[in-house]
Enquirer: 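Pasting a structure below so you can have a look.
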2 protein chains.
Amino acid sequence: MLEQTPTDGPAGARRAQKSRTLWVFEQLRAEILDGRLNPGARLHLAALADRHAVSLGAVREALSRLAADGLVLVQDRRGFRVSPVSIADMRDVTATRIEIEGLALRRSIERGDAEWEAGIVAALHVLVRATPGLITDPVLAKPTWVGLHERFHLSLISACGSPWLLRFRQTLFEQSERYRALLVAYAIGGRDISREHQEIAAATLDRDADRAVDLLAAHFNTTTAMLEQADRSGASILSSEAS
Amino acid sequence: MLEQTPTDGPAGARRAQKSRTLWVFEQLRAEILDGRLNPGARLHLAALADRHAVSLGAVREALSRLAADGLVLVQDRRGFRVSPVSIADMRDVTATRIEIEGLALRRSIERGDAEWEAGIVAALHVLVRATPGLITDPVLAKPTWVGLHERFHLSLISACGSPWLLRFRQTLFEQSERYRALLVAYAIGGRDISREHQEIAAATLDRDADRAVDLLAAHFNTTTAMLEQADRSGASILSSEAS
DNA sequence: TCCCCTGCGAAAATCGATTATATTACCCAA
DNA sequence: TTGGGTAATATAATCGATTTTCGCAGGGGA
């Protein structure tokens, strides 16, 4: 009854406030998103529990939540595995994402106020400053860039007013990130991302919905096309190997 | 080693083949969808475990999966509760559903073949036969009608070719069902649903995408409008009471 | 030689007890 | 009488052991 500190635990509260389940959930999510866990790999409950120093139940619950986001596949009685990837799925993710995010962008353009505009300008500025001109060595690109990139895209659609659209967008965004991580591993540089972002922001602030959505679609399609090309020429990135 | 029947369990295998977790998951899902569990109600782990005769862990995992579908809200360290309802959420669900399902319908109209058309005709026929003209006593409407209704709507968009669109549609459909169940409890009859369905099917088979989507939107909006009206006039259906 | 059946080992699923945390009720002092 | 703090209780979170199930290898029969 002594460690029951009234306000908060100042001492050894390194990771307190967070349930163990949430902890492994975030760990595993990150590992899947940046490709440390291969698509299709089997997820051994016991091994994961041991590695992250938690019980089976915690791992099980974390994996269930990941399955909900489509990052993990659960086969009744046969355990969990990382969701496989495929070109067909990547195309579907991209196409659906264009529709969803395009919809959200149109709504934001209709409804956004001055504060929304300010958010875009701010996010774009920070992002461009963090982008080193052309991406030459994407492998070493700071992980912060990924966060800033997401923030920029979120700022574009933040005024859409639909929690459900944003929720679906988030799911598709995570799926896209997974494919992008695979691409980065085999990356080909020579793409002026900053310019693309600036053009999208400009069209949005001009309230030119059609043009903004077109640019956004092209932005997404370029990444997908690059990955498709890399898959065809190079080794088969998009095969779901087991671990 | 004796009850290990080769083909299937003929004897006392009432719920075999299914994991306990899946069992409670389906039970709870059904209870939430048809309103037996009130929106906002707290979900006592121990009570649920006792009621369904399973362990805490099973209930916990089932609730986690429900949370993924947005039917249950999980508050870290403070347990689970049935997702609350609100007019704002209902409007968002309806509007987003119109967009998603409209999109899927357009794609189906573009890509659908003869077999797709046949599926629509068949589903419509069965549904209309099961619909007793005007719905006068929806409370007693056979639960099968709900299944046939879903099947009809699924048949319309089955040719869209996008698993992700279908996935999101499913999520929104479940949310809508929950609101519809609340409406049924206070139902007002006098709506010619069969006619609406027939018109949607006709426009779809004519490949008139714009008209089909408009009719579909009206179909969804009518239900929402009725519930909004019922909420304003009658008791506050859309308040999230605890159990 | 090929296929089906039976046993063995590994892994997932389940459980109930234990621990940590939040909420409530209560008491004392101002 | 009221507000703040403390103890008591309820409940969620966690764990490790146990049970059940699945996949595979070996043997027997066609």
Side-chain angles (χ1 to χ4, degrees), chain A residues 1-28 37 40-67 72-82 242-243, chain B residues 1-9 11-28 37 40-67 72-83 242-243:
Chain A
M1 309 295 178
L2 290 180
E3 68 283 332
Q4 193 201 55
T5 54
T7 53
D8 204 348
R14 52 205 117 178
R15 79 186 184 195
Q17 310 301 82
K18 246 180 212 169
S19 64
R20 298 279 230 284
T21 295
L22 202 54
W23 177 260
V24 276
F25 170 80
E26 290 174 352
Q27 293 290 112
L28 290 174
L37 285 174
R42 288 200 64 182
L43 262 11
H44 278 256
L45 269 331
L48 292 176
D50 187 57
R51 179 140 63 91
H52 294 91
V54 294
S55 75
L56 286 315
V59 173
R60 174 163 270 279
E61 190 175 334
L63 288 175
S64 290
R65 294 194 190 176
L66 285 169
V72 157
L73 213 59
V74 45
Q75 298 164 297
D76 212 42
R77 302 285 185 189
R78 282 203 288 163
F80 301 83
R81 56 177 53 229
V82 180
S243 80
Chain B
M1 309 295 176
L2 290 179
E3 69 282 333
Q4 193 200 56
T5 54
T7 53
D8 206 345
R14 52 205 116 175
R15 79 185 184 194
Q17 309 302 82
K18 249 180 211 170
S19 63
R20 299 279 229 284
T21 296
L22 201 53
W23 176 258
V24 276
F25 171 79
E26 290 174 352
Q27 292 290 111
L28 290 175
L37 285 173
R42 289 199 64 182
L43 263 10
H44 281 254
L45 270 328
L48 292 176
D50 188 56
R51 179 142 62 92
H52 294 93
V54 293
S55 74
L56 288 314
V59 173
R60 173 163 271 279
E61 190 176 335
L63 288 175
S64 290
R65 294 193 190 177
L66 286 169
V72 156
L73 213 60
V74 44
Q75 299 164 297
D76 211 42
R77 302 284 185 191
R78 282 203 288 164
F80 301 83
R81 54 178 55 229
V82 181
S83 288
S243 81

Enquirer: Identify which nucleotide among D/dT14, C/dT14, D/dA12 has an atom closest to any side-chain atom of B/L45, counting heavy atoms from C-beta outward.
Expert: D/dA12

Enquirer: For A/S19 and B/D76, which heavy atoms make the closest approach, and how far apart are they?
Expert: OG-OD1, 3.1 Å

Enquirer: Is B/G57 touching bases, backbone alone, or none of the nucleic acid, heavy atoms closer than 4.0 Å?
Expert: nothing

Enquirer: Is there side-chain contact between B/L22 and B/E26, with heavy atoms separated by less than 4.5 Å?
Expert: yes

Enquirer: Round to the nearest Å and state the distance from A/L48 atom CG to C/dA11 atom P.
Expert: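 So the two atoms are 12 Å apart, to the nearest Å.
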
Enquirer: Looking at C/dA12, I'd like to know if its phosphate oxygens (OP1 or OP2) sit under 4.0 Å from a side-chain N or O belonging to B/S19.
Expert: no

Enquirer: Could you please name the option among D/dA12, C/dT14, C/dA12 that lies closest to any side-chain atom of B/R20?
Expert: C/dT14

Enquirer: Is A/S55 near enough to D/dC15 that one of its side-chain N or O atoms lies under 4.0 angstrom from OP1 or OP2?
Expert: yes

Enquirer: Can you check whether B/R42 has a side-chain N or O nearer than 4.0 Å to OP1 or OP2 of D/dA12?
Expert: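 Answer is yes, contact under 4.0 Å.
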
Enquirer: For A/R78 and D/dC22, give me the distance from atom CZ to atom P, rounded to whole Å.
Expert: 9 Å

Enquirer: For B/H44 and D/dA10, give me the distance from atom NE2 to atom P, rounded to whole Å.
Expert: 12 Å

Enquirer: Between D/dA17 atom P and A/D50 atom CG, what is the distance in whole Å?
Expert: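 Between P of D/dA17 and CG of A/D50: 13 Å.
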
Enquirer: How far apart are the closest heavy atoms of B/L56 and B/A49, and which atoms are they?
Expert: CD1-CB, 3.9 Å

Enquirer: Using atom CD of A/E61 as one end and atom P of C/dA12 as the other, report the distance to the nearest whole Å.
Expert: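 Atom CD in A/E61 sits about 17 Å away from atom P in C/dA12.
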
Enquirer: Where each residue is assigned the nucleotide of DNA chain D containing its nearest heavy atom, which of B/G79 and A/L56 is assigned the position nearer the 5′ end?
Expert: B/G79

Enquirer: State, to 0.1 Å, how close B/V82 and B/L43 come at their nearest heavy-atom pair, and which atoms those are.
Expert: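 Taking B/V82 first and B/L43 second, the nearest heavy atoms are N-CD2, 3.7 Å.
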
Enquirer: I'd like to check the side-chain contact (heavy atoms from CB on, under 4.5 Å) partners of B/L73; sequence neighbours left out, ordered by chain and number.
Expert: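 With sequence neighbours excluded, B/L73 shows a side-chain contact (heavy atoms from CB on, under 4.5 Å) to B/R81, B/S83, B/P84, given in chain and number order.
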
Enquirer: Can you tell me the distance, in whole Å, between the CG atom of A/L63 and the C1' atom of C/dA11?
Expert: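 In whole Å, C/dA11 C1' lies 14 Å from A/L63 CG.
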
Enquirer: Side chain of B/R77 only, heavy atoms from C-beta on: which candidate in C/dT21, C/dG16, D/dG16 is closest?
Expert: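 When the side chain of B/R77 is considered, C/dT21 is the closest of C/dT21, C/dG16, D/dG16.
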
Enquirer: Return the value, rounded to whole Å, for the distance between atom CZ of B/F25 and atom C1' of C/dT14.
Expert: 19 Å

Enquirer: Determine the contact category for A/L43: base if any of its heavy atoms lies under 4.0 Å from a base atom, sugar-phosphate if only primed atoms, P, OP1 or OP2 are that close, otherwise nothing.
Expert: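 Touches sugar-phosphate only.
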
Enquirer: Whole-Å distance between C/dT21 P and B/F80 CZ?
Expert: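 Result: 17 Å.
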
